[in-house]
Student: 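If you scroll down you'll find the structure; I have some questions about it.
Atoms considered below: every heavy atom in the structure, side chains included; atoms not considered: hydrogens, waters and symmetry mates.
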Amino acid sequence: MCNIRPEEIFGTIIRDVRNQKSISQEELSRKTGLDRSFLSQIETGKKSPSLSTILKLSKAFDINISDLMKKFETLYVKMISEEEDNNVD
């Protein structure tokens, strides 16, 4: 099992997409109506976003929610595979 929590992986994706789009946390806060500190907690994996929060994020990023989830799935599978490779000794 992957030692990295799914929330951490999803948070990494949110931070990466935000940075790729050159959006600050403050701007994302304005676009979503979510508190900047809450966004920070999502990005660090300390909070797990609800479906409505994920919808707000995808709208603010102007990407489909399915694209966000595909990014999550790809990274999650990669992390699990890497961990399994490291555990085979």
Student: If you measure from CD on Glu27 to OG1 on Thr32, what distance do you get to the nearest 0.5 Å?
Tutor: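 It is 10.5 Å, given to the nearest 0.5 Å.
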Student: Working to the nearest 0.5 Å, report the span between CD1 of Ile4 and CD of Glu82.
Tutor: 8.5 Å
Student: Roughly how far apart are Leu34 CG and Lys47 NZ, rounded to 0.5 Å?
Tutor: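 One finds 12.5 Å between CG of Leu34 and NZ of Lys47.
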Student: Which pairs would a plain distance check flag for residues 54-73, meaning a side-chain donor or acceptor within less than 3.5 Å of a matching protein atom at least two apart in sequence or in another chain?
Tutor:
unit_1: Ser58; atom_1: OG; unit_2: Ile54; atom_2: O; d: 3.4
unit_1: Ser58; atom_1: OG; unit_2: Leu55; atom_2: O; d: 3.0

Student: Find out whether Leu28 and Lys21 are in side-chain contact, i.e. whether some heavy atom of one side chain is under 4.5 Å from a heavy atom of the other.
Tutor: no
Student: Donor-acceptor pairs under 3.5 angstrom involving side-chain atoms of residues 35-46: please list them, not counting sequence neighbours.
Tutor:
unit_1: Asp35; atom_1: OD2; unit_2: Ser37; atom_2: N; d: 2.9
unit_1: Asp35; atom_1: OD2; unit_2: Ser37; atom_2: OG; d: 2.3
unit_1: Arg36; atom_1: NH1; unit_2: Gln25; atom_2: OE1; d: 2.7
unit_1: Glu43; atom_1: OE1; unit_2: Arg18; atom_2: NH2; d: 3.0
unit_1: Glu43; atom_1: OE1; unit_2: Gln25; atom_2: NE2; d: 2.9
unit_1: Glu43; atom_1: OE2; unit_2: Arg18; atom_2: NE; d: 2.6
unit_1: Glu43; atom_1: OE2; unit_2: Arg18; atom_2: NH2; d: 3.4
unit_1: Thr44; atom_1: OG1; unit_2: Ser40; atom_2: O; d: 3.1
unit_1: Thr44; atom_1: OG1; unit_2: Gln41; atom_2: O; d: 3.3

